Number of protein chains: 2
Amino acid sequence: MTATTGVGRGAGPVRQASLREHNLGLVLRQVANALAPISRAAVAAATGLTRATVSSLVEELIAGRLLLETEPSPRSGAGRPAVGLALAPDGVAGLGLEVNVDYLAACVVDLTGAVRHSAVLPGDRRGRPPGETLRALADLAADAVATSTAPIAGATLAVPGLVRPDGLVRTAPNLGWRGVDVRADLCIRGLDLAPAGLAVDNEANLAALGELHAGAASSFLYVSGEVGIGAGIVLDGRLFRGARGFSGEIGHVAVRPDGPPCRCGAHGCLEQYAGQEAILRAAGLVPGRPGEAAGRLAVAAERGNPAVLAALAEAGRALGVVLAGVVNVIDVPTVVLGGLYVPLATWLSPAVRSEVDTRVLTADWESVEVVPARLGVRAAAVGAAGSVVRAVRDDPARWLARG
Amino acid sequence: MTATTGVGRGAGPVRQASLREHNLGLVLRQVANALAPISRAAVAAATGLTRATVSSLVEELIAGRLLLETEPSPRSGAGRPAVGLALAPDGVAGLGLEVNVDYLAACVVDLTGAVRHSAVLPGDRRGRPPGETLRALADLAADAVATSTAPIAGATLAVPGLVRPDGLVRTAPNLGWRGVDVRADLCIRGLDLAPAGLAVDNEANLAALGELHAGAASSFLYVSGEVGIGAGIVLDGRLFRGARGFSGEIGHVAVRPDGPPCRCGAHGCLEQYAGQEAILRAAGLVPGRPGEAAGRLAVAAERGNPAVLAALAEAGRALGVVLAGVVNVIDVPTVVLGGLYVPLATWLSPAVRSEVDTRVLTADWESVEVVPARLGVRAAAVGAAGSVVRAVRDDPARWLARG
DNA sequence: GGCGATTTGTTAAGCGGTTGAATTATTTGC
DNA sequence: GCAAATAATTCAACCGCTTAACAAATCGCC
C-alpha cells in the first residue's frame, strides 16, 4: 500500500538559508505587486514579517540592485515619512526570443515589466535548416543584448511546437523541425548563457505568460490560433504544464469524431475547423503567406462577405465546443483568444460564448469570460522575456548569489 | 503592467518554526515512503538533513505517536545496528465517509494506509431529504469511530456532485441535493470535528485519491463512471482541482456537438454515450436499481450478447474520444477506469485505447496507459479517509500541536 | 578473545536568521 | 515648542540547523 515514488511535495530539506531565500522573494514580490512605491513598514505589515527583518532583507535586495529607494510618497497623517521602495528598472532584465513561421523576434523586459527593446525580423522560416534560422536569431538577440543597460539574467525561446522539459524541440511541424537541441545550437554574442541557461518553451505557453504579464486575470486559458492551434494554461499566476510538460494541445481535440481527416492521423480535430487553413478554405479564399491570412479574413468579414462570415461562425462554434470541454475539465474562469483570433474576435466570440455558456456545466453560477488577447504578435516574445524576470522575482537569492 | 493579485506563490512569511514544520513532514514522509523500516541515518542521507537534526525530529514524531522504533533489520556489513523507524499504526487515523445513490459508506484508515474498518449501508438515497441521509450516515460514522483504537484526526465526506471549496454541496443531481451545507448538518457522536473539521469533496476526486493510495501511478486521470461521469485528476501525487475547484466534469464534454440532448441542456455530451443509462438503453436493457446495472451488463457481455457488446464498444469509443481530448490538454500518462467501468473494462478498454492512441498527439513517443481501477466501490470512502491521514503526513506539526 | 574498522546515534558548541524591545529619526498637530 | 505618531535601525535573546566530537554496538581479522 501507499507507494508514491520519491518524497513528493516540498522536496528538499530546509536549512536557515532557504528561509532567507524564501523571505527575500516574499519581500521582492510584495514590492512588485504594490501599485505604488511601498514602505518597509507596509511590507512588514503585509507579509507578517517584523520590520527589523524586512529592513535586513530590503538592504540585501538594494545591494543586489533589485530594489530602489524612491522619494517619500504624498504625506498622510503624522509620523516620520516613509521611504518608498520600488523595483529597480536597471537591476536585471530578461531576454525573450521567438522563432515563428514567418518571423523571428527578440525583446528585452526589465524587472518592472517594461519592454525595453523589441525587434522583429520578418521572413518565411518554413523548411529552412534550423542552424541557419538560429544563427539569424542569435544576431537579433545579440543586438537586443547590446542595447540593454541592465544585466541579462537569462533567455527564453518560444517555439511553435512540442518542447521537452529539458529544452529539446521534439517537433515543430510548421517550421519543419524535428529533434532540434536549441540549447546546444544557439549561442549569443555578448551573453553568457551558462549560469541561468537558455529555457525553451512552447509558443502558446509563453504567449499565455505574456498575457499574464500584460495584466490578464491570474487564471485563464490562452488559445493561440495560428496554422496550428495551441493553448497555454495559467492557473493562479502560474503556468500549468500537465504531468509531462506537453499540456494544451487543443488543436487535436476532436470536434466531430468522424469529421475530416487531420494531418495528425485522427479525424475531426479542432484544427480542421478553426485552424488558419481550414477557415480560409471554408471562406473560399486561397491560402497565402502565413502572416497575412488573419488580415484578409478580417477585411472580408468587415465588408460583410457571407462566405467568410459563415466560415468564422462555424470556426467559432467548433472552438466553443472544444473550449467548453476544456473548461469543464480544468474549470478556468476566463478564455483568452490569441494569435490569429485577435483580429477575428469580433466575429468568433459570439459563437464561442454561446457554446461555452450552454456546454459548461458550472456556467450557471460561475460565469466564463471569453476575451481577446491584449498583446498582439509579440505576446510570446514578451512572455518569454517576462518569464526570465519572473524567475528572478520568484527566487531573487539565486540571482544575487551568481558568480 | 503586471498586476497579479495577492502575492501568489508561497504565500506567508517563514519563521524558524515553519522550518521545523516542513522538516518534520519531510522526515515523516520519508519513513512513510520507505518500503521497510528505515534508520535515522538513512533518513538523514535521503533528505539531506544531518543525523543530529533527524534524531531531534524523530524524537518529536515518536513522542507524538506518529512513528515507532522497530527491531533492527537483518544485519548487513559492519557497524552498530540501526534502529528501524516505521509509521505508528495507532498514532492517528482518518475517517472516510461517502454518500452515494444507493449506499452509504464509512471507513477508517490508519497512518500506515491500512483500512482498519469499513462499513457499507445499502439503500436507495435518491430524492430522500438530506437531513435524513446525513443522520443515517452519522450513525454509521459513529460506529466506525467507536471501533478505532487510534485518535481520529478528521473526516472527509465524498458526495456525487459539485462541491464548493468551502464544503457546500452546490448540487448532487442524482441524490436530489441542492445547496446542502453538510459541515453544518453532520454531527457525529464521539468525534469532535471542530479542530480539523469535516472536509467535503467530489466523489470522483476522492476515488482518485483512493487509487493513488492503493498504489496507482503518481499522475493519472481517474474516470468515475456511474449514473453520471466524473473524473479526478492526480498530478504528481496531488489532486488537481482546477482554478475554482470544479475540475473533472468530463460527463458533459461533447462527443458529437449535435448529438442527442442531455439533461444539462447541451447536446451530445459524453454522458449520453457512456453513462450508465445510455449504455443500458443502447444495449436494449431496462434501467434498474443503480447498483446492479454494471453486473447485468458484464454478465450479458460475457455471454456474448451482440447488442450489449456493440453498446459497450460504442461507449468505449465515445469515452476514448473524450479521454484523448483530456490527455491532449493535461498530458497525463495514465487513465484509470473506475466505478461502473471496472467490471466492464474488458470490453471498454480496447475501444478506449484505440481512440486514445490515434488521437493523442504525443502518443507516438509518450505512451498513454489505460487501466482499470484497483479499488472497487469503496474507492471514494477509502480515498476520503486516506486524504485525512495524508493531511497529517503532509503537515504533522499541525496535528502534533492540537489542543 | 581482543582490537581496529565501521556505522549508528547523541551531545555540545557555534552560527545564521528572525523576533521583540528599546532607540533614533522625522514629521503632524496643537 | 512640545507631545503624539509613524518609520527605520540597533541589539540582545531565542530557535533550529550544522559541525565535530564522542559514545555505543557490531563485524572481521588476527
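Worth knowing before you read on, the calculation uses all heavy atoms, side chains too, and leaves out hydrogens, waters and symmetry mates. Below, chain A is the first sequence line, B the second, and so on; all start at residue 1. This is a predicted model, so every value here is computed, not measured.
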Below 4.0 Å: OP1/OP2 of D:dT9 and any side-chain N or O of A:Ser55: yes

Phosphate-side-chain proximity, B:Arg40 and C:dT7, N/O vs OP1/OP2 below 4.0 Å: no

Side chains of A:Ser247 and B:Asp331, donor plus acceptor under 3.5 Å: no

Exceeds 12 heavy-atom contacts within 6.0 angstrom, atom CZ of A:Arg244: yes

Per-nucleotide protein contact string for nucleotides 13-25 of chain D (B base, S sugar-phosphate only, - none; heavy atom under 4.0 Å): --BBBBB----BB

Lys/Arg-Asp/Glu bridge criterion (N-O < 4.0 Å) met for A:Glu21, A:Arg398: no

B:Arg390/B:Asp395 salt bridge by N-O under 4.0 Å criterion: no

Interatomic distance where CD belongs to A:Glu59 and P belongs to D:dT9 [whole Å]: 8 Å

Partner set under side chain to side chain contact (heavy atoms under 4.5 Å, CB included) for B:Ala42, not counting sequence neighbours: B:Ile38, B:Ser39

